[in-house]
2 protein chains.
Amino acid sequence: MAKRFHLTELEGAALGVILRAGTCTAYAVRRAFATSPSRFWTGSAGAVYPLVARLERRGLLAARRDRRDGRARRELTVTPAGRRAFEAWLLDPDRAADFGFDPLRTRLFYSDLVPAARLEALLAATAARIAAVRAPAVPQAPHVARLHESWRRLRGGALEEFRKLKRRR
Amino acid sequence: MAKRFHLTELEGAALGVILRAGTCTAYAVRRAFATSPSRFWTGSAGAVYPLVARLERRGLLAARRDRRDGRARRELTVTPAGRRAFEAWLLDPDRAADFGFDPLRTRLFYSDLVPAARLEALLAATAARIAAVRAPAVPQAPHVARLHESWRRLRGGALEEFRKLKRRR
DNA sequence: TAACCCATGTAATATGTTACATGATTTT
DNA sequence: AAAATCATGTAACATATTACATGGGTTA
């Protein structure tokens, strides 16, 4: 009986990137994270390389040295145990339902503590930035693009709703 | 010229809690975080007490021992420098516009990698849990309750939208 | 040929989680 | 009287950030 390892969000997402690619390097995982419109997914080297080493130790990832170009690359693949761990991670409704973390929501939460004029300036600037979020230069799967667009619209909508309510009183 | 300290989200929110209360203990900050529907705001002792100590060292919080009840409490107040740091934190549109982190969004992002039937089961269970999110027993400011309700509705809506699109193909 | 991207990794540091420890007060 | 809550804090551990180090290949 394999010990049940509880994957972090970063670990689950890393397996997702590698599964989608079939095979890729840790560097490609970093880039995939870095293209996210969220700062949560920094793709910093100090996070990704130790994470990959961890998943290898747990038997969820396998690596193969590759030297086709002069570069010494490590091609990663997800093992069967890795896929099982990934599915357990993704299909957990308790974690999926969690509110997570939204910097805008947090700020609206405490918005009564700042002067109304400054708040309105923040909301205007934030709305502009949210509207300006564009799909990354890297080509994205269509469902991914739709998802980002959907969330962009959602947050923009929440912001406008809050603004209108604020104005009305 | 005061050195500009960049507040983390936890630090900013902690100042917000104390500002709203006027004066409160670190324990009250913990409880305020713990009532959040997001696991991001755990309010763990090991996070909050060192955080408060940090803000005191930086002159953003002041503490006063209080022994009105037999208990040794430390009443915290936000200093003028603390309020300035709080406003700079809250009013930063670049941080406010950031996508942050949403466990549901992340899972939908990788949802093409799991069998459709299992995904549908996840979506149904997640929708139920999102719908079941209730206001905490602790009384909330009305704008806070509205904000949670708004986000709950929006996430539910995004989920349903995703489900319909999925079904249609 | 200089700058930039690919590619891997580590060291110092900061921050957070879990679990423990302590003790007073309030509720059941 | 026991259990829960108020209240403070620390120790061990896990994980992430920033900055650095190293080198091969590609583009301006």
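Just so we're clear, the structure is a prediction, and the values are computed from it rather than from any experiment. Labels below follow one simple rule: chain letters A, B, ... track the order of the sequence lines, proteins then strands, and each chain is numbered from 1.
- In this structure, B/Leu113 is a member of the same hydrophobic cluster as A/Leu90, with clusters built from ILVMFWY side-chain heavy atoms closer than 4.5 Å.
- The CZ-C1' distance, from A/Arg73 to D/dG23, rounds to 15 Å in whole Å.
- Using a 4.0 Å cutoff to heavy atoms of chain B, the contacted part of DNA chain C runs 5' to 3' from C/dT15 to C/dT25.
- Among the atoms of the strands shown, only primed sugar atoms or phosphate atoms (P, OP1, OP2) are found under 4.0 Å from some heavy atom of B/Arg31.
- When the P atom of D/dA14 is taken as reference, atom CG of A/Leu7 falls 16 Å away, rounded to whole Å.
- Test B/Val17, B/Leu19, B/Val144 against A/Tyr110 for side chain to side chain contact (heavy atoms under 4.5 Å, CB included) and you get one pass: B/Val17.
- Residue B/Glu9 contributes atom CD, which lies 15 Å from atom C1' of D/dT17 at whole-angstrom precision.
- Using a 4.0 Å heavy-atom criterion, one finds that B/Arg30 contacts the bases of the nucleic acid, with or without backbone contacts as well.
- Contacts of B/Ser44 with the nucleic acid, taken as non-hydrogen atoms under 4.0 Å apart, include base atoms.
- Between the C1' atom of D/dT17 and the CH2 atom of A/Trp41 lies a distance of 16 Å, rounded to the nearest Å.
- Counting any heavy atom pair closer than 4.0 Å across all strands shown, B/Arg54 reaches sugar-phosphate atoms only and no base atom.
- No engagement by A/Leu51 is indicated, since no non-hydrogen atom pair under 4.0 Å with the nucleic acid exists.
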Pairwise N/O distances under 3.5 Å, protein to nucleotides 24-28 of chain D:
residue : atom : partner : partner atom : Å
D/dG24  : N2   : A/Arg71 : NH2          : 3.3
D/dG25  : OP1  : A/Gly70 : N            : 3.3

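- Considering all non-hydrogen atoms of both residues, B/Arg129 and A/Pro93 come closest at CD-O, 3.6 Å.
- Here A/Ala72 lies in heavy-atom contact (under 4.0 Å) with sugar-phosphate atoms only.
- Shown are A/Leu15, A/Ile18, A/Leu10; of these, the side chain to side chain contact (heavy atoms under 4.5 Å, CB included) with A/Val29 is made only by A/Ile18.
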